[in-house]
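Small disclaimer: the values here were computed from a predicted structure and weren't measured.
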Amino acid sequence: MREIVFLSDSRIAEVPVKECGEPLVDLRTLEAIRVDPRLADEAGAYAHLRQSVADRLVVAQTRLPRELRFLIIEGYRPAGLQRRYFGSAVARQRAAHPGWDDARARVEASRYVSPPEVAPHVTGGAVDLTLRSAGGVELDMGTAVNATPPESDENCYTDATAISAEARSNRRLMGDALASAGFVNYPTEWWHWSFGERYWAFLTQSRHARYGLVEDLSTAAPR
């Protein structure tokens with residue numbers, strides 16, 4: 001299994017951001033892309049991505065076998081929601097491990113919830129997705145989307161081997177298509193891919209990230 005750099009690693013936070021000001025676009029307006037409503041919010045934030053990320057997603061889909069399609073689960077996530085998610089994850093770790101200090105709890109929590117200050121989803125540069133057939137049937141990917149390492153015996157890790165050959169093949173098909181379009185994967189989550197934000201910049205050794213925080217969809221104004 002490849003070396004894992006967690007989002008809590010100080011090197012991620014040290015990556016500079018040179019915000020490009022690119023707008024968010026609603027994936028539901030794109031005929032080529034299918035968006036699943038399971039994580040839908042009232043404002044529709046979940047269905048938004050930066051323009052270049054959406055464009056690359058369309059390109060990546062053309063590189064899948066003709067009978068397969070992406071199914072988008074979640075794109076942009078408001079910063080306030082990310083803070084709540086991460087705070088809850090840290091609190092659960094502290095409750096389960098009373099001897100841990102806050103730093104250790106944050107590292108463990110970041111295995112499946114991004115620290116708000118470096119979270120890819122709050123930039124509009126990250127997408128959670130899976131594969132489906134042209135007829136709409138979701139493929140076997142080994143675990144459910146958003147399965148945590150403890151509940152999945154770490155089979156949510158992209159390179160997990162204790163899953164079926166079919167699931168490994170499906171992950172490889174999806175990953176090859178996304179990587180060919182410039183996306184990078186967070187290796188504890190097979191479904192999480194990003195472009196343009198700090199984690200992408202770190203892995204690709206870019207001089208800076210293109211996308212910074214977008215506080216909420218109502219402003220849609222990067223900071």
Side-chain angles (χ1 to χ4, degrees), residues 5-30 32-60 70-90 106 109-110 112-129 145-146 178 181-186 188-189 191-204 206-223:
V5 176
F6 292 112
L7 279 157
S8 57
D9 191 301
S10 62
R11 293 173 293 176
I12 308 302
E14 290 167 1
V15 173
V17 177
K18 189 175 181 180
E19 172 59 56
C20 67
E22 198 173 278
L24 293 166
V25 297
D26 191 337
L27 299 179
R28 295 170 297 183
T29 67
L30 304 180
I33 297 296
R34 293 292 176 266
V35 182
D36 187 275
R38 72 188 72 174
L39 293 180
D41 58 287
E42 186 173 347
Y46 79 108
H48 286 71
L49 287 173
R50 298 285 189 132
Q51 179 72 66
S52 290
V53 183
D55 291 344
R56 287 171 182 272
L57 200 57
V58 173
V59 169
F70 290 134
L71 181 63
I72 310 305
I73 307 300
E74 185 178 22
Y76 169 66
R77 184 182 299 154
L81 180 58
Q82 186 70 37
R83 294 184 192 108
R84 291 196 295 275
Y85 281 172
F86 190 68
S88 295
V90 172
R106 285 177 62 86
S110 74
Y112 54 99
V113 181
S114 302
E117 62 273 15
V118 295
H121 281 285
V122 303
T123 71
V127 59
D128 294 341
L129 73 171
V145 173
N146 290 328
L178 289 162
F183 288 91
V184 301
N185 171 244
Y186 190 51
T188 69
E189 301 176 346
W191 56 84
H192 178 103
W193 293 79
S194 65
F195 172 84
E197 42 68 58
R198 277 183 163 130
Y199 199 76
W200 166 87
F202 175 78
L203 290 186
T204 60
S206 299
R207 301 173 102 181
H208 57 79
R210 300 179 58 182
Y211 306 140
L213 170 70
V214 179
E215 185 65 39
D216 60 56
L217 193 62
S218 65
T219 60
R223 300 197 314 179

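Distance alone, capped at 3.5 Å, places no donor-acceptor pair between the E189 side chain and the W191 backbone. At least one donor-acceptor pair closer than 3.5 Å links the side chain of R198 to the backbone N or O of E117. A distance-only check finds no donor-acceptor pair linking the side chain of E215 to the backbone of A79 [under 3.5 Å]. Between the side chain of T123 and the backbone N or O of G125 there is at least one donor-acceptor pair closer than 3.5 Å. Remark: the backbone N or O of L71 is not paired with any side-chain donor or acceptor of R34 at under 3.5 angstrom. Counting only distance, with no hydrogens or angles, the side chain of Q51 and the backbone of A54 share no donor-acceptor pair below 3.5 Å. Of the possible donor and acceptor atoms, one in the side chain of H121 sits under 3.5 Å from a partner among the backbone N and O of G75. Side chain of N185 to main chain of H192: a donor-acceptor pair is present (N/O by atom type, distance under 3.5 Å, no hydrogens or angles).
Side-chain contact between C20 and Y211 is present, with at least one heavy-atom pair separated by less than 4.5 Å. The shortest side-chain heavy-atom distance between F70 and V127 does not fall under the 4.5 Å cut-off. In this structure, I72 and L57 have side chains that are in contact, with non-hydrogen atoms separated by less than 4.5 Å. Side-chain contact between R11 and V5: present, with at least one pair of heavy atoms (C-beta onward) separated by less than 4.5 Å. The closest side-chain heavy-atom distance from D9 to E14 is not below 4.5 Å.
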Q: Just do the side chain to side chain contact (heavy atoms under 4.5 Å, CB included) check on V113 and Q82 with the steps written out, would you?
A: CA-CA 8 Å; V113 181; Q82 186 70 37; 3.9 Å; yes
**Q.** Test log, rule side chain to side chain contact (heavy atoms under 4.5 Å, CB included), inputs V122 and V214
**A.** CA-CA 6 Å; V122 303; V214 179; over 6 Å; no
(Q) side chain to side chain contact (heavy atoms under 4.5 Å, CB included) for D36 and V145? Distances and angles first, verdict last. (A) CA-CA 12 Å; D36 187 275; V145 173; over 6 Å; no
Q: For F6 and T188, run side chain to side chain contact (heavy atoms under 4.5 Å, CB included): C-alpha distance rounded to whole Å, both residues' side-chain angles, the deciding distance at 0.1 Å, then the answer.
A: CA-CA 9 Å; F6 292 112; T188 69; 3.7 Å; yes
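Of all heavy-atom pairs spanning W193 and L129, the tightest one is CD1-CD2, 3.8 Å. Across all non-hydrogen atoms, the minimal contact from A209 to V15 is N-CG1, 4.1 Å. Contact between V35 and Y46 at its shortest, heavy atoms only, is CG1-CE1, 3.5 Å. When every heavy atom of L7 is checked against every heavy atom of P120, the shortest pair comes out as CD1-CD, 4.0 Å. Closest approach of A109 and F86 over heavy atoms only: CB-CE1, 4.0 Å. Across every non-hydrogen atom of V53 and G124, the tightest pair is CG2-O, 4.0 Å.
For the residue pair S52 / E22, a side-chain donor-acceptor distance below 3.5 Å is found, with atom types taken as modelled.
Here S114 contributes atom OG and Y199 contributes atom OH; the two are 9.5 Å apart, rounded to the nearest 0.5 Å. Considering CZ of F183 and OG1 of T204, their distance stands at 13.0 Å, rounded to 0.5 Å. Of the inter-residue distances, the one linking R210 atom CZ with F195 atom CZ reads 4.5 Å to the nearest 0.5 angstrom.
Ion pairing between R50 and E19 holds under the 4.0 Å rule for side-chain N and carboxylate O.
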